[in-house]
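Beneath this line is the structure, given in structure tokens, with notes to follow.
Position 1 is the first residue of the sequence, and the numbers go up from there.
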Amino acid sequence: YVLGRRWWSWIFIVFFLAIFFLFLSSQDSSDTVQPQDRASRPPILLVDDFYYPSQESTLAYPTCEMNKGFEFPGGGASDLGDYSFLSAMAYERYEITKYTLSKWFGADLVVDEEEFVSQWRKNNEKSGKVESGVYFKLFSLTSVPGYAIMSIRGSETAWDWISNMRLWSAAGLAQVVKWVMPYGWIWDPILPDLIYFANWVESSTIASVSYYKTTTQFVNDVLAGYGKNDGYDFSNLRVTGASLGGGLAIITGAQTQAFAVAISGLGATLSRETFDPPIELEKLNSHTFNFIPERDYIARIGGRASFL
């Protein structure tokens, strides 16, 4: 008993210190990292003679064709590979994306609409409606007018990790308790209600780091016609992202009914009642797809919808 108590005490102490130092470091780091502020690094290496052998026991990015609304606009044969590529482009500068997009899709077929997104952000920052910590890009398809893909950046700063913990900690803790308890499955019907109550206690604090409110507002504004007076007309949007970006893509897609494809995104099924506005389970099942690698346990936090 004494030994077990000592072990658990040290576990909680280490966990507390890790969170404490993470919070302190987040105060010294910018909550917004623009691509131009990143340290210089080489772009993703793209080669012309790459060969991807067929996979029999697993789902491979380049061979996954999608349907039911999740298709990559333009009728490509490697939908999941294209979404995965664009989720990585959310981290890059315009100079880099201009090169890599041409190499991946072909010259001038996909465009990084940096100016469009920057102008939207400036307009909304003046009114205080934008949470500056979240960063995303919009890629338009010149071959398919009216279509665009929003790519949301994943965790990069300590502040991003703090946001991760605040949005998904209640769901993650509930899942851990369920897994370690005998007959933990009996809690399944009321888990969303328990998570809602846990988040309600910290609702004001969580609201301050709710990146999804910005991404959802952007999609709603664009679908409502933002930019038409300036020659932009995006009537069909897809949303993608990896890690934290994937989790935000899932929430945004379900709230706006724009089809979302996440790569290792944190789920929203268990926390669906805690978001503003709340998310219907049917919307998660019909408008979001989350690709989770076999050993990626972090992406299982939050629960999984039907398409995964």
- [ ] Please report the shortest heavy-atom distance between Ile263 and Ser84, naming the atom on each side.
- [x] CG1-CA, 4.1 Å

Task: Test item: Thr240 side-chain N/O and Val261 main-chain N/O as donor-acceptor pair under 3.5 Å - done: yes

Task: Partners passing side chain to side chain donor-acceptor pair (under 3.5 Å) against Thr256 (at least two apart in sequence or in another chain) - done: none

Open item on the list: So, using side-chain contact (heavy atoms from CB on, under 4.5 Å) as the criterion, who are the partners of Glu115 when residues are at least two apart?
Closed with: none

Task: Residue pair Val222 / Leu237, side-chain heavy-atom distance below 4.5 Å - done: yes

Open item on the list: Ignoring hydrogens, what is the shortest heavy-atom contact between Ile279 and Ala254? Give both atom names and the distance.
Closed with: CG2-CB, 3.4 Å

Task: From Leu244 atom CG to Ile298 atom CD1, the distance as rounded to the nearest 0.5 Å - done: 12.5 Å

Open item on the list: Could you tell me if the side chain of Trp120 sits less than 4.5 Å from the side chain of Asp221, heavy atoms only?
Closed with: yes

Open item on the list: Going by the rule ring pair (Phe, Tyr, Trp, His ring centres under 6.0 Å), which residues pair with Phe136 if we only count those two or more places apart in sequence or in a different chain?
Closed with: Phe218

TODO: Could you please spell out the steps behind the side-chain hydrogen bond (donor to acceptor under 3.5 Å, both in side chains) verdict for Glu92 and Thr97?
DONE: CA-CA 6 Å; Glu92 302 293 353; Thr97 60; over 6 Å; no

Task: Partner set under side-chain contact (heavy atoms from CB on, under 4.5 Å) for Asn236, not counting sequence neighbours - done: Tyr147

- [ ] Provide the closest heavy-atom pair for Val239 versus Ala258 in the form atom of the first, atom of the second, distance.
- [x] CG2-CB, 4.2 Å

Task: Listed partners of Ser118 passing side-chain contact (heavy atoms from CB on, under 4.5 Å), at least two apart - done: Glu114

TODO: Give a yes or no on whether a salt bridge exists between Lys98 and Asp112, defined as a side-chain N under 4.0 angstrom from a carboxylate O.
DONE: no

Open item on the list: Walk me through whether Leu80 and Phe291 qualify under side-chain contact (heavy atoms from CB on, under 4.5 Å).
Closed with: CA-CA 9 Å; Leu80 190 54; Phe291 178 79; 3.7 Å; yes

- [ ] Give the C-alpha distance, both sets of side-chain angles, the deciding distance and a yes or no for side-chain contact (heavy atoms from CB on, under 4.5 Å) between Phe105 and Leu86.
- [x] CA-CA 11 Å; Phe105 295 103; Leu86 288 184; 3.9 Å; yes

Open item on the list: Can you confirm whether the side chains of Tyr226 and Asn220 place a donor and an acceptor under 3.5 Å from each other?
Closed with: no

- [ ] Please list all pairs passing the salt bridge (charged side-chain N to carboxylate O under 4.0 Å, His left out) test where one or both residues lie in residues 279-292, with sequence neighbours left out.
- [x] Glu280-Lys283

Task: Minimum side-chain heavy-atom gap Phe259-Gln257 below 4.5 Å - done: no

TODO: Go through the structure and list residues passing ring pair (Phe, Tyr, Trp, His ring centres under 6.0 Å) with Phe275, not counting sequence neighbours.
DONE: Tyr212

TODO: Determine, step by step, whether Glu113 and Phe234 satisfy the side-chain contact (heavy atoms from CB on, under 4.5 Å) criterion, reporting the C-alpha distance in whole Å, the side-chain angles of both residues, the deciding distance to 0.1 Å, and the verdict.
DONE: CA-CA 11 Å; Glu113 301 288 356; Phe234 302 119; 4.1 Å; yes

Task: Reported CZ-to-CG distance for the pair Phe139 and Leu109, which is rounded to 0.5 angstrom - done: 14.5 Å

TODO: Kindly indicate whether the side chain of Phe85, heavy atoms from C-beta on, has any atom under 4.5 Å from the side chain of Leu101.
DONE: yes

Open item on the list: Please enumerate all residues that pass side-chain contact (heavy atoms from CB on, under 4.5 Å) together with Lys228, with sequence neighbours excluded.
Closed with: Asp233

- [ ] Quick one: closest heavy-atom pair of Asp296 and Ser264, and the distance?
- [x] OD2-OG, 2.9 Å

Open item on the list: Hydrophobic cluster membership, with links at side-chain heavy-atom distances under 4.5 Å among I/L/V/M/F/W/Y: are Val111 and Tyr99 in one?
Closed with: no

- [ ] Can you measure from OG1 (Thr252) to NE2 (His287) and round to the nearest 0.5 angstrom?
- [x] 13.5 Å

Task: Separation of Ser87 OG from Asp82 CG (nearest 0.5 Å) - done: 11.0 Å

- [ ] For residues Val219 and Met150, report the shortest heavy-atom separation together with the two atoms involved.
- [x] CG2-SD, 3.5 Å

TODO: List in chain and number order the residues that pass side chain to side chain donor-acceptor pair (under 3.5 Å) with Ser151, two or more places apart in sequence or in another chain; answer none if no residue qualifies.
DONE: none

Task: Ile149-Val144 co-clustered via ILVMFWY side chain contacts under 4.5 Å - done: yes

Open item on the list: A side-chain contact here means heavy atoms from C-beta on lying under 4.5 Å apart; do Thr215 and Val134 qualify?
Closed with: yes

Task: Ala262 versus Gly246, closest heavy-atom pair with distance - done: CB-O, 3.5 Å

Open item on the list: If you apply the rule side-chain contact (heavy atoms from CB on, under 4.5 Å), what do you find for Lys137 with Val117, and how did you get there?
Closed with: CA-CA 7 Å; Lys137 284 180 172 287; Val117 175; 5.8 Å; no

- [ ] List in chain and number order the residues that pass salt bridge (Lys or Arg N to Asp or Glu O under 4.0 Å) with Lys103, two or more places apart in sequence or in another chain; answer none if no residue qualifies.
- [x] Asp48

Task: Partner of Thr269 by side chain to side chain contact (heavy atoms under 4.5 Å, CB included), out of Thr288, Leu284, Asn285, Asn290 - done: Leu284

Open item on the list: Using the ring pair (Phe, Tyr, Trp, His ring centres under 6.0 Å) criterion, which residues pair with Tyr232? Sequence neighbours excluded.
Closed with: Phe116

- [ ] Provide the full list of salt bridge (charged side-chain N to carboxylate O under 4.0 Å, His left out) pairs with a residue in residues 260-276, sequence neighbours left out, each pair given once.
- [x] Lys213-Asp276

